[in-house]
Number of protein chains: 2
Amino acid sequence: MTAPRPPIAEKPGSARKAPRSRIQTRNRQIILDAALEVFSTHGFRGATLDQIAAQAGLSKPNLLYYFDSKDAIHQELLTRLLHTWLDPLRILDAQGDPQTEIMAYMRRKLQMSQDFPRESRLFANEILQGAPRMESFIRNDLRALVDEKARHLQAWADAGRIARIDPYHLIFSIWALTQHYADFAPQISMIRGEGHDPTDGAEVFLEHLYTRLLAP
Amino acid sequence: MTAPRPPIAEKPGSARKAPRSRIQTRNRQIILDAALEVFSTHGFRGATLDQIAAQAGLSKPNLLYYFDSKDAIHQELLTRLLHTWLDPLRILDAQGDPQTEIMAYMRRKLQMSQDFPRESRLFANEILQGAPRMESFIRNDLRALVDEKARHLQAWADAGRIARIDPYHLIFSIWALTQHYADFAPQISMIRGEGHDPTDGAEVFLEHLYTRLLAP
DNA sequence: AAGCTTCTTGACTGAATGGTCAAACTTGAT
DNA sequence: ATCAAGTTTGACCATTCAGTCAAGAAGCTT
């Protein structure tokens, strides 16, 4: 019944690894940057293509020349984000010194909150929505990594090298404390006065906190 | 030019303190409950009246019989939320025992995360959007309260009754840690397995943490 | 400069959205 | 039972939204 349709030249945004021209690389990046801004503040459903187009300084049809759909832009952002999201924890070394390692992990996460607040908000927005687009990532990749690192933390606690605390809650506490400085930055600014950087004093405080928490 | 328009009977949703029938009280509550569910997961712009109407089991025009607009529903939710949001901190007593007071504050906040996760997510969503609808609340009410309590904490620290830590970051840490269990509950569930309550073990962990952090 | 490809956009479409309205249905006081 | 007030909704409207398309503009290669 269905007539065999002739092969159609793929749009550059499409799946296949099409070689990308300078213009494509540049404009895709501009679009992703604009989309990150909009998605991270309004969530997926609250963001509009017109808004992203305006932010990017491109026309809406032009966005859809580079990406197949609103969904595709969002998906690309998430993919790129999740690819690097695990890195700070992955680096945590079971062979290293417990306090140094955990402290360094905390510092890496805090640094990410300072350097990539929009990515942090994008992630937060997804979780608030129930994480429908990240479920498999969290259930598989993230969970496996956390389980592994939690075993190391537990081993350190058992060996008396750090205090006897629940390793999962230790990890959650680092996520909570560091991401708070990115996700709740407006609140912090309004309370502390617009003068400060929201993270002013955070590193000192968190070092103090984890030094005391971890001491065996 | 404009003809003087006759006084119009106000809709029940309108501003003035109209006396409310049983049906009104009941349906307004049903609507607010449904709206809280929807707004807290999708944010203001991502939520639709149809979705709220479906959740409430009412027709869309019926929603707008009880509230003037989508905005009015959201505003009412925020007003109710902010009215009670400060209470746990307000109770903190400068005359009491420092450790007991701070610990009790942390426990009250954690309890609120368990009891009112949707309210917590609504708040988080607003902050992620830059807090446009809560700016004056944060800049005035919240800031004044935090400043006041921070002075008490500072006095305690100066008197050597708790450790010398930045009082603002101490408060932020309590917000971050307790709200994380509400706002990031899906992530926690997916990592720990659906069996647990996300807040399992949280109280013990946080008590341990603040005991060690606060000790002079 | 010619000719081909890549890029850009104005004008459009169908569906969704916030909101209106008049007519119909309930409720409660008499 | 009656009637006015309170409540509910189907049909509708203007706007916004994601996405399409054909035609034109800009790059690239020769």
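Protein chains get the first letters and strands the later ones, always in sequence-line order, with residue 1 at the start of each.
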For this session: Could you check how far NE2 of A:His74 sits from P of D:dA18, rounded to whole Å?
Result: 13 Å
Problem set entry | Contact under 4.0 Å: A:Gln24 side-chain N or O vs C:dT6 OP1/OP2 | no
For this session: Please confirm whether A:Phe123 and A:Trp85 have ring centers closer than 6.0 angstrom.
Result: yes
Seminar exercise, completed: Taken to the nearest whole Å, CZ/A:Arg26 to P/D:dG27 is 10 Å
Seminar exercise, completed: Applied to residues 55-66 of chain A, the salt bridge (charged side-chain N to carboxylate O under 4.0 Å, His left out) test, sequence neighbours excluded, yields A:Asp50-A:Lys60
Exercise. Which letters describe nucleotides 11-18 of chain C, given B = protein heavy atom under 4.0 Å from base, S = only from sugar-phosphate, - = neither?
Worked result: B-----SB
For this session: Output yes when at least one side-chain N/O atom of A:Tyr65 is less than 4.0 Å from OP1 or OP2 of C:dT8, else no.
Result: no
Exercise. Are any of B:Tyr66's side-chain N or O atoms less than 4.0 Å away from OP1 or OP2 of D:dG6?
Worked result: no
Problem set entry | Rounded interatomic separation in angstrom, taking NE2 from B:His42 and C1' from D:dC17 | 17 Å
Problem set entry | Contacts of B:Asp147 that satisfy side-chain contact (heavy atoms from CB on, under 4.5 Å) - sequence neighbours left out | B:Arg143, B:Arg151, B:Tyr168
Problem set entry | With A:Trp156 via ring pair (Phe, Tyr, Trp, His ring centres under 6.0 Å) - residues at least two apart | none
Exercise. OP1, OP2 of D:dG27 versus side-chain N and O of A:Ser21: anything below 4.0 Å?
Worked result: no
Problem set entry | Atom pair distance, as rounded to whole Å: CD in B:Gln51 and C1' in C:dG19 | 17 Å
Exercise. Of the non-hydrogen atoms in B:Leu63 and B:Ala53, which two are nearest, and what is the gap between them?
Worked result: CD1-N, 3.8 Å
Problem set entry | Side-chain H-bond candidate by donor/acceptor type, B:Ser40 with B:Arg121, under 3.5 Å | yes
For this session: Please list, chain by chain and in numerical order, all residues satisfying ring pair (Phe, Tyr, Trp, His ring centres under 6.0 Å) with B:His74, sequence neighbours excluded.
Result: B:Phe39, B:Phe44
Problem set entry | Whole-Å distance separating the CD1 atom of A:Ile31 from the P atom of C:dC7 | 11 Å
For this session: For the residue pair B:Tyr181 and A:His169, categorise the inter-ring angle as parallel (less than 30°), tilted (30 to 60°) or perpendicular (more than 60°).
Result: tilted
For this session: Using atom CG of B:Leu63 as one end and atom P of D:dT8 as the other, report the distance to the nearest whole Å.
Result: 11 Å
For this session: Examine D:dG6: is either OP1 or OP2 under 4.0 Å from a nitrogen or oxygen in the side chain of B:Asn27? Give yes or no.
Result: no
Exercise. Atom CG of B:Asn62 to atom C1' of D:dA11: distance rounded to whole Å?
Worked result: 16 Å
Extract from the structure each pairing of a protein N or O with an N or O of nucleotides 22-30 of chain C at less than 3.5 Å, listing the distance.
{"from": "C:dG28", "atom 1": "OP1", "to": "B:Arg22", "atom 2": "NH2", "distance (Å)": "2.8"}

Problem set entry | Heavy-atom closest contact (A:Asp71 atom, A:Arg133 atom, distance) | OD1-NH1, 3.6 Å
